[in-house]
Amino acid sequence: MQTTACLMKPRQFQLQDSVYPVPQQDEVIIRVQYVGICGSDLHFYETGRIGEVVLQEPFVMGHEFCGIVEDSCGVEGAPPAGTRVALDPAIPCGQCVYCQAGQYNICPQIRFTGFPPYPGALRPWIAMPLECVFPIPGGIPM
C-alpha cells in the first residue's frame, strides 16, 4: 500500500493510506516524483497557519512538484503516459473576467494545490488539470 504524509497538527505528520485519485473532466493522473519544501509549508508545519488560514483537519502539503504522467485519462492534447512533467499548483476558474482576459494569476476563485483546503503533492499520485501540466524537455533533470 502507498502512503500519504498528512500534517495532523503543528509539528506532527502521520502517514495514511493513499487513495488513487478520481480525475475530473480535463484532468490527468500524475505519479509524483519530487516535492520541494516551500516557506509556506514550513509555516503550516511550525504553526498550523498562514495569516487567517488555519488548519482545521489533516492536510496534505506540497505545491512545488514534478512527476510522470501515469494516465492521460483520454484528455485531448494530454501528454502520453510516461511523460515527465512539471506542474503549476495554481488552478484558475477559467470563467471569470480575469481568466477570460488571460490574467489567471488574479482569478478571485483560484484554487492552489497544497494550500488549504486543497491537498498537495506529498502523496504518490495527484489528478491535475491539463492546463497545469507542462512536459519537461529532455536533458533537464526532474
Side-chain angles (χ1 to χ4, degrees), residues 1-51 53 55-142:
M1 182 57 137
Q2 300 278 345
T3 56
T4 296
C6 292
L7 183 63
M8 305 304 286
K9 62 182 184 179
R11 299 179 180 271
Q12 182 184 350
F13 275 104
Q14 181 178 41
L15 295 179
Q16 297 183 349
D17 290 342
S18 296
V19 176
Y20 196 80
V22 176
Q24 302 299 309
Q25 182 178 353
D26 295 327
E27 288 186 336
V28 299
I29 305 293
I30 306 299
R31 177 172 287 279
V32 178
Q33 298 296 300
Y34 295 97
V35 180
I37 304 299
C38 179
S40 60
D41 295 319
L42 293 176
H43 283 289
F44 280 122
Y45 174 76
E46 292 175 353
T47 67
R49 69 180 306 143
I50 292 180
V53 177
L55 293 180
Q56 302 294 320
E57 57 189 41
F59 183 66
V60 180
M61 296 190 310
H63 61 265
E64 297 179 353
F65 62 108
C66 64
I68 297 171
V69 175
E70 180 156 299
D71 187 346
S72 59
C73 304
V75 175
E76 187 175 335
T83 303
R84 299 173 325 123
V85 293
L87 292 302
D88 183 347
I91 305 170
C93 77
Q95 305 300 314
C96 71
V97 64
Y98 300 108
C99 286
Q100 294 299 310
Q103 298 175 308
Y104 309 106
N105 61 313
I106 56 175
C107 171
Q109 297 177 24
I110 202 162
R111 298 177 319 184
F112 199 81
T113 306
F115 194 86
Y118 309 107
L122 284 176
R123 53 186 161 154
W125 313 277
I126 189 169
M128 291 294 292
L130 178 60
E131 67 192 75
C132 298
V133 177
F134 299 92
I136 298 173
I140 297 177
M142 290 180 90

Within a strict 4.5 Å, meaning less than it, do heavy atoms of the [X] and [Y] side chains meet?
| X | Y | value |
| --- | --- | --- |
| Val133 | Leu87 | yes |
| Val69 | Pro80 | no |
| Pro21 | Ile126 | no |
| Pro79 | Leu130 | yes |
| Ser40 | His63 | yes |

Spacing of [atom1] belonging to [X] relative to [atom2] belonging to [Y], to within rounding of 0.5 Å:
| X | Y | atom1 | atom2 | answer |
| --- | --- | --- | --- | --- |
| Phe59 | Leu122 | CZ | CG | 9.5 Å |
| Glu46 | Asp41 | CD | CG | 11.0 Å |
| Met61 | His43 | CE | NE2 | 12.0 Å |
| Arg123 | Tyr20 | CZ | OH | 12.0 Å |
| Phe13 | Thr4 | CZ | OG1 | 12.0 Å |
| Ile30 | Ile68 | CD1 | CD1 | 9.5 Å |

Could you report the tightest heavy-atom contact between [X] and [Y], atom names first, then the distance?
| X | Y | answer |
| --- | --- | --- |
| Ala86 | Ile136 | N-CG1, 3.6 Å |
| Ile29 | Ala127 | CD1-CB, 3.9 Å |
| Pro141 | Gly139 | CD-O, 3.6 Å |
| Gln2 | Trp125 | CG-CH2, 3.4 Å |
| Met128 | Asp88 | CE-O, 3.5 Å |
| Cys96 | Cys93 | N-SG, 3.3 Å |

**OP:** Check whether more than 12 heavy atoms from other residues, nucleotides or ligands sit under 6.0 Å from atom OH of Tyr34, and answer yes or no.
**Re:** no
Between [X] (side chain) and [Y] (backbone), is there a donor-acceptor pair under 3.5 Å?
| X | Y | result |
| --- | --- | --- |
| Arg84 | Pro137 | yes |
| Gln16 | Ala5 | no |
| Glu27 | Gln24 | yes |

Side-chain donor-acceptor contacts of residues 102-121 below 3.5 Å, not counting sequence neighbours, with atom names and distances?
unit_1 : atom_1 : unit_2 : atom_2 : d
Thr113 : OG1    : Pro89  : O      : 3.1

